[in-house]
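Just so we're on the same page: letters track the sequence lines, and every chain starts at 1. None of these values were measured; they are calculated from a predicted model.
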Amino acid sequence: MAKPRTPKGRAREVARRLAEVYPDAHCELDHANPYELLVATILSAQSTDANVNKVTPALFARYPAPEDLAHADPAEVEQLVFTTGFYKAKTRSLLGMANRLVEEYGGVVPGPIEDLVSLPGVGRKTANVVRSVALGLPGFAVDTHVQRLTQRLGITTETDPVAIEREVNAMVPPADLGPLGLRLILHGRRVCTARKPKCAECSLEDICPASLLPTRRPKQA
DNA sequence: ATCCCGAGGG
DNA sequence: CCCTCTGGAT
């Protein structure tokens, strides 16, 4: 296959190749429904999925539904989520989110991105994770990995996460957005790391403008 | 030390 | 735009 010449071509080629490298990429936050994923994703900020999965079983057992969390004792929630870090802020977000969910949305996690983002503690990244993983809706979550990789791969020249999200949304079929995001994150963690990226091990190296390998680097100084 | 799929506030 | 919130793993 010839090298893609346009950002859109790059995006699609990257999506195609990563699907081969990471065929079974999936969200690693344990959850049984959209409410649980919303809670888990709020807790995942600056915390590993494994760490979040340690606290959510007790949390979901104690507060099975938004109604339960909405009336929870903050001190008790703080204890349950303590080890995920940012525990005071996250507790505030969880209680605020649950209250708004009950008051405005009948205890049902809404689908529209603007509705999700209006919930306390829910930004675009969290909203898109919930959309694509739990609601079956199109969603491209731009976190630090996705931001870095889309830039390095020449898929976008934007730096603003919202702009990146908008551009990629226009380049990739809606149903592919969620899986592509998951795979970019996996690739960013394992290969295309922020510092010392492992270009020699990268399956995208030959089409990457940022490759550090001298033999392939397109623009040498 | 540095990283982990961020969000809100000033 | 920057700063802050925060604990665990490596």
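Atom-to-atom, CZ of A/R190 to C1' of C/dT10 comes out at 17 Å; the value is rounded to the nearest Å. In this entry the distance linking CG of A/L186 with P of B/dC4 reads 13 Å, nearest Å. The CG atom of A/L38 sits 14 Å away from the C1' atom of B/dG6 (whole-angstrom rounding). The CG-P distance, from A/N53 to C/dG8, rounds to 16 Å in whole Å. When rounded to the nearest whole Å, the span between CD of A/Q147 and P of B/dG6 equals 11 Å. Following rounding to the nearest Å, A/L37 (CG) and B/dG6 (P) show an atom-to-atom distance of 14 Å. As a whole-Å value, the separation of A/K54 NZ from C/dG7 C1' is 11 Å. Distance OH (A/Y22) to P (B/dC5): 13 Å, rounded to an integer number of Å.
Between the P atoms of C/dT4 and B/dC5, the separation comes to 24 Å (whole Å). Distance noted for atom P between C/dT6 and B/dG10: 15 Å (whole Å).
Side chain to side chain, A/T156 and A/E167 meet the donor-acceptor criterion of an N or O pair below 3.5 Å.
Within the 4.0 angstrom heavy-atom criterion, only backbone atoms of the sugar-phosphate kind lie near A/V122; the bases stay farther away. A/T144 comes within 4.0 angstrom of sugar-phosphate atoms only, judged by non-hydrogen atoms across all strands, and of no base. Contact annotation for A/L182: base contact, defined as any heavy-atom pair under 4.0 Å involving a base atom.
Among the nucleotides C/dA9, B/dG6, B/dC5, the one closest to any side-chain atom of A/Q46 is B/dG6. Here the nucleotide nearest the side chain of A/N51, chosen from B/dT2, B/dC5, C/dG8, is C/dG8.
Checking the phosphate oxygens (OP1, OP2) of B/dC4, a side-chain nitrogen or oxygen of A/H145 falls inside 4.0 Å. A close approach under 4.0 Å does occur between a side-chain nitrogen or oxygen of A/T126 and OP1 or OP2 of B/dA7. One finds no side-chain N or O of A/R189 lying less than 4.0 angstrom from the OP1 or OP2 phosphate oxygen of B/dC4.
Map A/L119 and A/S47 each onto its nearest nucleotide of DNA chain B; the residue landing nearer the 5' end is A/S47. For A/R148 and A/G121, each mapped to the nucleotide of DNA chain B holding its nearest heavy atom, the one lying further toward the 5' end belongs to A/R148.
The shortest distance between side-chain heavy atoms of A/K90 and A/T84 falls below 4.5 Å. Contact check for A/L43 versus A/L59: side-chain heavy atoms found under the 4.5 Å cut-off. In this structure, A/P161 and A/R124 have side chains that are not in contact, with every pair of non-hydrogen atoms separated by 4.5 Å or more. For the pair A/L177/A/S132, no side-chain contact is recorded, criterion being any heavy-atom separation below 4.5 Å from C-beta on. Counting only heavy atoms from C-beta outward, the side chains of A/E36 and A/T56 never approach each other to under 4.5 Å. Contact of the A/R12 side chain with the A/P173 side chain is registered, since non-hydrogen atoms from C-beta on lie closer than 4.5 Å.
Within residues 73-99 of chain A, the residues having any heavy atom under 4.0 Å from DNA chain C are, by residue number, A/F82, A/T83, A/G85, A/F86, A/Y87, A/K88, A/A89.
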Decide salt bridge (Lys or Arg N to Asp or Glu O under 4.0 Å) for A/R16 and A/D176; before the verdict, give the C-alpha distance in whole Å, the side-chain angles of both, and the deciding distance to 0.1 Å. CA-CA 10 Å; A/R16 192 184 69 74; A/D176 295 345; over 6 Å; no
